[in-house]
Amino acid sequence: KKKQSTLTDFFKKS
Amino acid sequence: MFEARLTQSAILKKVLDAVKDLLSEATFECSDSGIQVQAMDNAHVSLVSLNLRSDGFDKYRCDRNLSMGMSISCMSKILRCAGAEDTVTLRAWDSPESIVFIFESPNKDKLAEYEMKLINMDQEHLGIPETSYSCVVKMPSAEFTRICRDLSQFGESITFACTKEGIKFSASGDYGSANIKLAQTADADNEEEAIIVNMQEPVKLTFSCRYLNCFVKAGPLCNQVQLSMSDDVPLVCEYKIGDIGHIRYYLAPKIDD
């Protein structure tokens, strides 16, 4: 089973 | 003041069609170099990065940098009021509270002005590092649209598997499964129809159909779409906008629970 990741898991807030 | 003029309002109409299903509002950053938008959907799963270079406009003037928060649905409604052949001009004064859209018919006998109030927005900006991707695939945008639409019937997500031979898209669900393989085209005589695979490492990634079907709304902007992929990082789906810029969509993958 796969879950949806979010972009904030990968990219830093600037 | 800020003034940007495009002879073909159709380009801006298509850009709005390409973002309106993902974004309800966005900040348009205007500077000497052009107009930029970076905005995530509410769930922070996808991001739209739009770049329109100032030299791509027929007239462009931006005396000082402006950040203008705009309602995408309102902007979309206004652009629907432009005739297919109309010229569009965006105009705002320094420290603006509104922006004006001016549509002019080709023979200049009709001039329509629409003023839209700007909105104050808290914006979250993401730093996206320049990355080299394991696989970069170029393919006809109409083909990508069709594949996303067709495979969406079978499941909520589509798995992209790329090797040096080509790219395979697959989906499965309660009713069954489907997969579509595209081989790299041998001769690139027709650039618009070409499928080109640049692979360093094979990749396999799974993405939500819902977002992919929003991205393909940019298909009318460009005959080709470029997909950049590495294992376990967001997909980049890029459409060029004529000679004026590009729209890039980033999509977070589905990962093992």
When you look at [atom1] of [X], are more than 12 heavy atoms from neighbouring residues, nucleotides or ligands closer to it than 6.0 Å?
X: B/N120; atom1: CG; result: no
X: B/D55; atom1: CG; result: yes
X: B/K204; atom1: NZ; result: no
X: B/E201; atom1: CD; result: no
X: B/D174; atom1: CG; result: no
X: B/D32; atom1: CG; result: no

Could you tell me which non-hydrogen atom of [X] sits nearest to which non-hydrogen atom of [Y], and how far apart they are?
X: A/L7; Y: B/V45; value: CG-O, 3.4 Å
X: A/Q4; Y: B/S208; value: OE1-CB, 3.6 Å
X: B/P234; Y: A/F11; value: CG-CZ, 3.9 Å

Salt bridge or not for B/D256 and A/K2, using N-O below 4.0 Å?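 Yes, charged N to carboxylate O under 4.0 Å.
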Salt bridge (charged side-chain N to carboxylate O under 4.0 Å, His left out) partners of B/D122, counting only residues at least two apart: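 Salt bridge (charged side-chain N to carboxylate O under 4.0 Å, His left out) check on B/D122 returns nothing, list empty.
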Does the side chain of A/F10 reach to within under 4.5 Å of the side chain of B/Y250, using non-hydrogen atoms?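 Not in contact.
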Euclidean distance, B/M40 CE relative to A/T8 OG1, rounded to 0.5 Å: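 Separation between the atoms: 6.0 Å.
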B/S157 versus chain A, heavy atoms under 4.5 Å apart: side chain, backbone, both or neither?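 Answer is neither: B/S157 stays 4.5 Å or more from chain A.
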Under the criterion side-chain contact (heavy atoms from CB on, under 4.5 Å), I'd like the reasoning laid out for B/L126 against A/K12: C-alpha separation, chi angles, the key distance, then a yes or no. CA-CA 6 Å; B/L126 288 186; A/K12 285 199 180 75; over 6 Å; no
Would you check if the side chain of A/S5 reaches a backbone N or O of B/K254 as a donor-acceptor pair within less than 3.5 Å?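 Side chain of A/S5 to backbone of B/K254, a donor-acceptor pair under 3.5 Å: no, none is there.
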